[in-house]
2 protein chains.
Amino acid sequence: MTTLPGMADEQLLRLDQQLCFSLNAASRAFGGVYRVLLRDLGLTYPQYLVMLVLWEDGELPVKRIGERLRLDSGTLSPLLKRLEAAGLVRRERSPQDERSVTVALTPEGSALRERAGQVPRRLLAATGLPIEDMAALRGLLERVTAAMDAATVEPAP
Amino acid sequence: MTTLPGMADEQLLRLDQQLCFSLNAASRAFGGVYRVLLRDLGLTYPQYLVMLVLWEDGELPVKRIGERLRLDSGTLSPLLKRLEAAGLVRRERSPQDERSVTVALTPEGSALRERAGQVPRRLLAATGLPIEDMAALRGLLERVTAAMDAATVEPAP
DNA sequence: CGCGATTGAGTTGTGCACAATTGAATTGCG
DNA sequence: CGCAATTCAATTGTGCACAACTCAATCGCG
């Protein structure tokens, strides 16, 4: 099934526009609110995402952080350097496998968790959605993402 | 209402993680599929969004494009220069208001629309979602975005 | 009319996303 | 064991997002 036979190209084009516009706009609106909330903490939104996984797991190799956040080393390496320069994490090569770099929280990085405590509550309030709707949104987003990842799109028609 | 009294901080933090992870991941998965589909056309995803509004309206001032896509001149100016260098658009100062720059499709830019015709259909197929779910997703995303834009978040608690 | 405020585009600087490549460490196969 | 293939992080280069700023054109109020 690739043609959705009942729909005209024009309709599809409009729906596509609406969906990709909406997703883009939502992602950037989200980022904008986080930017303001995180300014006090001195974190950007992607840096906050990295800190969230570290607060959860304490210490992780770069590889694992990348798997959790779907980010590659090209994004993570400079980001982690900035977190290290800010004194929030340490990076050291694993003695077991010299290829791997383990990222661990410093005491300052752990302490930041307290100050970040209010962020989720304020953000969820800003969304203005009831909890059930948020769960539904998350469910749909995850289904879309899974389908996108599974779809090995062919470059040329 | 800012405190959602029934929920513990821990739960909120987890929900926040899930929602922002999901939104981020979906946005990037979407971008990844578009990247592949658009490679033949020589367009990036944000360039495609600009072309979509131009295909719809023919010609627009930079200001209007920015309003449609929620992008500022800092993003649009270099992007439009690249589209102009690719021969897809013309940019010229409006005679009525010399501050304004009107962006118009070239014949090549208009012609590209034909080649882009299959993109939405292939993308919608890749999402793997029924049309109703996509409409629901779009609705939720728009509600979140509207709420985010309305919420004038205070920098410091 | 004159001048200060506003508007629109562009520039600069920082940071993220991703492709492609590099280089070192490790793995595994013959 | 020895060497080719793989793995992991880092680097390079392009493009986007956004804040802060510049500068010219326009607007509007007195």
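Order of the sequence lines fixes the chain letters, A, B, ..., with proteins taken first and strands second; residue numbering starts at 1 for each chain. Computed over heavy atoms, backbone and side chain alike; hydrogens, waters and symmetry mates excluded.
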What is the nucleic acid contact for L76(A), judged by heavy atoms within less than 4.0 Å: base, sugar-phosphate only, or nothing?
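Nothing: the residue L76(A), judged by heavy atoms under 4.0 Å, touches no strand.
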
Presence of [X] side-chain N/O under 4.0 Å of [N] phosphate oxygens OP1/OP2:
X: R91(B); N: dG10(C); answer: yes
X: S100(B); N: dT7(C); answer: no
X: S73(B); N: dA9(C); answer: no
X: R93(A); N: dC8(D); answer: no
X: K81(B); N: dG15(D); answer: no

Between [N] ([atom2]) and [X] ([atom1]): distance, integer Å:
X: K63(B); N: dG10(C); atom1: NZ; atom2: P; value: 14 Å
X: L80(B); N: dA17(D); atom1: CG; atom2: P; value: 12 Å
X: D97(A); N: dC8(D); atom1: CG; atom2: P; value: 8 Å
X: L79(A); N: dT14(C); atom1: CG; atom2: P; value: 16 Å
X: Q96(A); N: dA25(C); atom1: CD; atom2: C1'; value: 14 Å
X: Q47(A); N: dG15(C); atom1: CD; atom2: P; value: 8 Å
X: L49(A); N: dA17(C); atom1: CG; atom2: C1'; value: 13 Å
X: R35(B); N: dT14(D); atom1: CZ; atom2: P; value: 16 Å

Starting at [atom1] of [X], measure out to [atom2] of [Y] and round the result to the nearest 0.5 Å.
X: L137(A); Y: S22(B); atom1: CG; atom2: OG; value: 8.0 Å
X: Y48(B); Y: L83(B); atom1: OH; atom2: CG; value: 14.0 Å
X: L141(B); Y: L19(A); atom1: CG; atom2: CG; value: 7.0 Å
X: Y34(A); Y: M148(B); atom1: OH; atom2: CE; value: 7.5 Å

Among the candidates dA17(D), dT26(D), dA9(D), find the nucleotide nearest to the side-chain atoms of E98(B).
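Between dA17(D), dT26(D), dA9(D), the one nearest the side chain of E98(B) would be dT26(D).
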
Counting only side-chain heavy atoms from C-beta out, which of dC18(C), dA24(D), dA9(D) sits nearest to R99(B)?
dA24(D)

Whichever of T44(B) and D72(B) has its nearest DNA chain D nucleotide further upstream toward 5'
T44(B)

By nearest heavy atom, map R64(A) and R28(A) onto DNA chain D; which one lands nearer the 5' end?
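The residue closer to the strand's 5' end, by nearest nucleotide, is R64(A).
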
Check this for me, if you would: do R64(B) and E67(B) make a salt bridge, where the nitrogen-to-carboxylate-oxygen distance has to be below 4.0 angstrom?
yes

